[in-house]
Amino acid sequence: MMNIIYLGNATAAAVFDMVLSAAFCDIRWTRRKGLLTAGCMALILIFQGIIYSWGDSDAVEYLHPLITHLPLTVLLCFLNKKVLWPAIAVLTAYLCCQIRRWQALFIVTVFAGGPMMQHTAELLMTLPVLLILLRFAAPSVRSISNNAFSMQVQFGLAPALYYGFDYLTGNNIEMLSESALAAIKLMSFVCGAMYLFCVVRVWNEGRKRSSLEQMQEILNLQVAEAVREIEALRKSQQKTRIYRHDLRHHMQYLLSCIENGRFEQARGYIREIYPEIETNHVTVYCENEAINLIFSAFSGRAEDCGVPMKIQAAFLRNIAISESDLCVLLSNALENALHACMKQKEKGASGTIEVLAYEKKGKFFLQIINSCDDAITFENGVPVTGHPGHGTGVRSICAIVEKYGGIYTYSAKDGKFILRVSL
């Protein structure tokens, strides 16, 4: 019975080690690679069984680096197309085995068990620990393989030192007392747990930094686009002012054409200048030029799309928001509203947009209500979407509001989506 449990535990430990080593490598798995890996792992287990049947357990432990880790490293180098990282992955997986071992040792200590309980506990711990490491640790470890060579060496140093230490002490176990052995196993567990904790922390920090850098880049692009848009609208407004200033010249020319009977020439001239003047028309909604430009641009787009847009704005002369941030905020909010209404129109439903903006006691208030689909998913009060490339506008709005210490709320009810901003 003891031999069966020992063999089962040894097989489970080998599978644990090999599966985790493969999971720690950044390999693009295919069916062919999966079958090749499974076949090689099976051959390693068979070879271990042959050596065990010829010798004893000590021989398997002594030859473990040659019969297990060396061929496994060669296989992973072939699959991963790298040399250093597969070796680090194998060493790291071996370090993680100590978590399983020490948990079993803790159980044996508490219940005053013997070797049979030790192997049984290790066997039972194998699958839960493996699943936890695959779920939480493997992505973090894999991410380090894409770092610089020096960073990989740094993270591989601790598993390598532990591997050498464990191999030397494990094969000279008579040199150690039971208390010293327990202390070593405890330190092995602590080192392994701390190592994985550091890896996960570094990975999470890197992911957060990457996300913030990506968001900053998106905001910078949107700010640059907002500045260009405002400048373009200003030029259009300036052009309209010039046309209006020269209106007396247009009228004189048209009067001359009429007095001389050149009616077709007058009609042609009117057709030529009217669209250009109308295109550059800016509606005055409030005292803020930037807001007028943005509202006018989106009002024109909504009209072209057949979406009624009602805008109320007043007392917005002295709001403490930069022009570029204001443009990003309003443009994203109105773009999202118009996009939602267009989706409603595609389904045969009506779409409308209502905008309310005003300033009170130095604070800027904005409310946008638009028709929407009822199936909107919210996370932490913010609408989310599973479509790639979408959701950037919402994140930009949140970032701008948080930058000024303001408040935003999103809600959806009875086919209406409501955005409220106060800053």
[atom1]/[X] to [atom2]/[Y] distance, rounded to the nearest 0.5 angstrom?
{"X": "Leu76", "Y": "Cys40", "atom1": "CG", "atom2": "SG", "answer": "9.5 Å"}
{"X": "Leu75", "Y": "Met41", "atom1": "CG", "atom2": "CE", "answer": "7.0 Å"}
{"X": "Thr120", "Y": "Asn9", "atom1": "OG1", "atom2": "CG", "answer": "8.0 Å"}
{"X": "Ile132", "Y": "Ile99", "atom1": "CD1", "atom2": "CD1", "answer": "9.0 Å"}
{"X": "Gln118", "Y": "Arg101", "atom1": "CD", "atom2": "CZ", "answer": "9.0 Å"}
{"X": "Leu91", "Y": "Cys96", "atom1": "CG", "atom2": "SG", "answer": "11.0 Å"}

Quick one: are [X] and [Y] in side-chain contact, heavy atoms under 4.5 Å?
{"X": "Leu20", "Y": "Leu134", "result": "yes"}
{"X": "His119", "Y": "Leu123", "result": "no"}
{"X": "Trp29", "Y": "Leu79", "result": "yes"}
{"X": "Leu133", "Y": "Val141", "result": "no"}
{"X": "Leu366", "Y": "Val355", "result": "yes"}
{"X": "Lys81", "Y": "Arg28", "result": "no"}
{"X": "Val394", "Y": "Tyr410", "result": "yes"}
{"X": "Leu334", "Y": "Arg301", "result": "no"}

I need the minimum non-hydrogen distance between [X] and [Y], along with the two atoms involved.
{"X": "Pro86", "Y": "Cys25", "value": "CA-SG, 3.8 Å"}
{"X": "Ile144", "Y": "Gln152", "value": "O-CG, 3.7 Å"}
{"X": "Ile88", "Y": "Val153", "value": "CD1-N, 4.5 Å"}
{"X": "Cys97", "Y": "Phe16", "value": "SG-CD2, 3.6 Å"}
{"X": "Lys82", "Y": "Ser145", "value": "NZ-O, 3.1 Å"}
{"X": "Ala23", "Y": "Ala138", "value": "O-CB, 4.1 Å"}

* Who are the side-chain contact (heavy atoms from CB on, under 4.5 Å) partners of Ala302, not counting sequence neighbours? -> Val307, Met309, Leu338

* For Ile418, check side-chain contact (heavy atoms from CB on, under 4.5 Å) against everything at least two apart and list the hits. => Gln367, Ile369, Ser411, Arg420

N/O donor-acceptor pair under 3.5 Å between [X] side chain and [Y] backbone:
{"X": "Trp85", "Y": "Arg142", "answer": "no"}
{"X": "Ser371", "Y": "Thr352", "answer": "yes"}
{"X": "Asp26", "Y": "Asn80", "answer": "no"}
{"X": "Asn336", "Y": "Asn332", "answer": "yes"}

* Does the side chain to side chain contact (heavy atoms under 4.5 Å, CB included) test come out yes or no for Glu359 and Asn288, once each step is laid out? -> CA-CA 11 Å; Glu359 179 266 334; Asn288 189 291; over 6 Å; no

* To do: Could you walk me through whether Cys286 and Tyr358 pass the side chain to side chain contact (heavy atoms under 4.5 Å, CB included) test, one step at a time?
  => CA-CA 9 Å; Cys286 62; Tyr358 62 94; over 6 Å; no

Exceeds 12 heavy-atom contacts within 6.0 angstrom, atom [atom1] of [X]:
{"X": "Ile407", "atom1": "CD1", "value": "no"}
{"X": "Phe47", "atom1": "CZ", "value": "no"}
{"X": "Phe78", "atom1": "CZ", "value": "no"}

* **side chain to side chain donor-acceptor pair (under 3.5 Å) partners of residues 397-407, not counting sequence neighbours, each pair once** => Ser322-Tyr404, Asp325-Lys403, Asp325-Tyr404, Glu402-Tyr408

* Asked: Does Glu354 come within less than 4.0 Å of Lys416, counting only side-chain N to carboxylate O?
  -> no

* Asked: Which residues pass the ring pair (Phe, Tyr, Trp, His ring centres under 6.0 Å) test with Tyr285, sequence neighbours left out?
  -> Phe295

* Would you call the rings of His69 and Tyr94 parallel, tilted or perpendicular, where under 30° means parallel and over 60° means perpendicular? -> perpendicular

* Mind jotting down which residue pairs meet the salt bridge (charged side-chain N to carboxylate O under 4.0 Å, His left out) criterion with at least one end in residues 107-135? Sequence neighbours excluded, please. => Arg100-Glu122

* Asked: Is there any salt bridge (charged side-chain N to carboxylate O under 4.0 Å, His left out) pair reaching into residues 7-18, and which pairs are they, with sequence neighbours excluded?
  -> none

* Asked: Can you list the steps and then say if Leu45 with Val15 is a side chain to side chain contact (heavy atoms under 4.5 Å, CB included)?
  -> CA-CA 8 Å; Leu45 291 174; Val15 172; 4.0 Å; yes

